[in-house]
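In this chain, residues are counted from 1 in sequence order.
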Amino acid sequence: EDIYNPINIRPGHVGVVISLEGNDVFNNELPGDLRNNFLVEDGMKGITADVLDPGTYYLNPFKKDVVEVNIQSQRFEMSGKDAINFLTHDGFTVIVEGTIEFKLTRSKVAELTHRVGDMEGIIKKVILPRARGFSRIEGSKYPAINYIMGETRQQFQDNLQADLRTMCAEWGVEIK
């Protein structure tokens with residue numbers, strides 16, 4: 001007899017489904033196209049691409065597990081140890097502080113959380129490295145005075161935002 005426990009997914013969240021039964025990708029002989037994937041198909045053990053919308057679901061806890069993921073807008077303060085710093089063309093250090101607002105794309109949330117982890121992992125492994133990399137490369141092109149006055153400061157900010165949008169979208173992170 002199956003046991004069903006209620007799983008409640010709150011508004012603004014989705015449920016990433018983990019199948020606890022089926023063909024194990026590590027122990028069974030599988031066709032090449034089913035191996036080495038982050039997400040599994042029906043009938044296999046692992047994280048499925050399907051996510052549950054907000055609501056109540058009755059699932060057998062021995063067959064399926066669900067991890068709730070927040071897909072609402074999040075804000076991350078780049079300050080203190082998380083501030084971005086880079087050397088300018090003339091050798092001065094510039095420290096950039098600011099706020100990045102982002103949200104996770106529903107269609108990519110299962111793979112993103114499986115590959116990267118929780119929200120802290122998404123910030124530390126997806127958003128910050130791209131922001132730091134862009135800032136160090138682009139920031140070194142101009143002298144420090146351009147970041148204090150002039151149009152370079154706003155242009156740098158706009159270019160950083162555009163680059164982050166493009167690079168993070170591939171992972172399923174939408175920069176606002």
Side-chain angles (χ1 to χ4, degrees), residues 7-18 25 36-40 46-55 65-176:
I7 303 292
N8 294 310
I9 308 295
R10 296 175 286 173
H13 294 71
V14 294
V16 174
V17 180
I18 304 165
V25 294
N36 300 324
N37 293 325
F38 283 101
L39 303 177
V40 299
I47 296 177
T48 65
D50 298 329
V51 294
L52 301 176
D53 289 321
D65 191 18
V66 176
V67 176
E68 190 175 32
V69 178
N70 187 345
I71 59 171
Q72 297 173 319
S73 272
Q74 306 286 315
R75 298 186 99 179
F76 173 67
E77 297 290 331
M78 291 187 315
S79 59
K81 66 179 175 62
D82 293 322
I84 296 172
N85 61 62
F86 58 88
L87 290 176
T88 61
H89 183 68
D90 51 359
F92 290 96
T93 300
V94 172
I95 297 173
V96 177
E97 293 185 343
T99 302
I100 296 177
E101 185 176 349
F102 67 96
K103 68 179 241 167
L104 306 183
T105 307
R106 183 189 184 283
S107 63
K108 293 187 176 184
V109 75
E111 183 176 3
L112 175 66
T113 55
H114 182 54
R115 290 176 73 180
V116 178
D118 60 6
M119 203 62 74
E120 183 179 341
I122 292 166
I123 291 168
K124 302 286 185 197
K125 296 175 187 175
V126 176
I127 298 172
L128 269 180
R130 277 142 190 85
R132 286 185 175 134
F134 175 87
S135 298
R136 289 179 179 146
I137 291 168
E138 293 300 312
S140 66
K141 293 180 179 178
Y142 302 100
I145 191 88
N146 289 24
Y147 295 103
I148 298 169
M149 51 197 265
E151 296 174 9
T152 305
R153 183 177 174 169
Q154 185 63 45
Q155 180 184 357
F156 175 82
Q157 181 178 327
D158 294 343
N159 291 344
L160 172 61
Q161 184 176 6
D163 186 70
L164 271 179
R165 274 195 176 128
T166 302
M167 297 300 289
C168 292
E170 297 171 13
W171 284 87
V173 178
E174 181 184 330
I175 302 295
K176 297 288 191 173

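The distance from atom CG of Leu52 to atom NE2 of His13, rounded to the nearest 0.5 Å, is 13.5 Å. Leu87 CG to Thr93 OG1: the interatomic distance, rounded to the nearest 0.5 Å, is 4.5 Å. Note that the CD1 atom of Ile127 and the CE atom of Met78 stand 10.0 Å from one another [nearest 0.5 Å]. For the atom pair Glu101 CD and Ser73 OG, the distance stands at 4.5 Å (nearest 0.5 Å). The CG atom of Asp50 lies 12.0 Å from the OG atom of Ser107; values are rounded to the nearest 0.5 Å. Rounding to the nearest 0.5 Å gives a distance of 7.0 Å between CD1 of Ile122 and OG1 of Thr113.
Residue Lys124 places its NZ atom among more than 12 non-hydrogen atoms of other residues, nucleotides or ligands, all under 6.0 Å distant. More than 12 heavy-atom neighbours from other residues, nucleotides or ligands sit within 6.0 angstrom of CD on Gln72.
At a threshold of 4.5 Å between non-hydrogen side-chain atoms, the residues Leu39 and Thr48 do not count as touching. Looking only at side-chain heavy atoms (C-beta outward), Asp158 and Leu160 stay at 4.5 Å or farther from each other. For the pair Asp82 and Arg132, the minimum side-chain heavy-atom distance is below 4.5 Å.
Residues forming a side chain to side chain donor-acceptor pair (under 3.5 Å) with Asp90 (at least two apart in sequence, or on another chain): Thr88. Scored by the salt bridge (Lys or Arg N to Asp or Glu O under 4.0 Å) test, Asp53 finds Arg106 as partners (sequence neighbours excluded). Looking at residues two or more places apart in sequence or on another chain, you find no ring-ring contact (aromatic ring centres under 6.0 Å, His included) involving Phe102. Not counting sequence neighbours, Lys125 has no partner by the side chain to side chain donor-acceptor pair (under 3.5 Å) test. For Glu68, the side chain to side chain donor-acceptor pair (under 3.5 Å) test picks out Arg10, with sequence neighbours left out.
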Which pairs of donor and acceptor atoms, one on a side chain in residues 162-174, lie under 3.5 Å apart (sequence neighbours left out)?
from	atom 1	to	atom 2	distance (Å)
Arg165	NE	Ile175	O	3.0
Thr166	OG1	Ala162	O	3.1
Glu174	OE2	Lys176	NZ	3.3

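Residue Ala110 comes nearest to Ala49 through the heavy atom pair CB-O, 4.1 Å, listed as atom of the first residue, atom of the second, then distance. In terms of heavy-atom proximity, Val66 sits nearest to Val17 at CG2-CG2, 4.5 Å. Across every non-hydrogen atom of Pro54 and Gly12, the tightest pair is CG-N, 4.2 Å. Of all non-hydrogen atoms in Met119 and Asn70, the two that sit nearest each other are CE-O, 3.5 Å. Closest non-hydrogen pair, Phe156 versus Ser135, comes out as CZ-OG, 3.6 Å.
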| Derivation of the salt bridge (Lys or Arg N to Asp or Glu O under 4.0 Å) call for Glu111 and Lys108 | CA-CA 6 Å; Glu111 183 176 3; Lys108 293 187 176 184; over 6 Å; no
| field | Residues Val96, Asn85; criterion side chain to side chain contact (heavy atoms under 4.5 Å, CB included); working and verdict | value | CA-CA 6 Å; Val96 177; Asn85 61 62; over 6 Å; no
| query | Would Ile71 and Val109 satisfy side chain to side chain contact (heavy atoms under 4.5 Å, CB included), going step by step from the backbone distance to the final call? | reply | CA-CA 8 Å; Ile71 59 171; Val109 75; 4.2 Å; yes
| field | side chain to side chain donor-acceptor pair (under 3.5 Å) evaluation trace for Ser79 with Glu97 | value | CA-CA 5 Å; Ser79 59; Glu97 293 185 343; 5.3 Å; no
| request: Apply the test side chain to side chain contact (heavy atoms under 4.5 Å, CB included) to residues Phe86 and Ile137: give CA-CA distance (whole Å), side-chain angles for both, the deciding distance (0.1 Å), then the verdict. | output: CA-CA 8 Å; Phe86 58 88; Ile137 291 168; over 6 Å; no
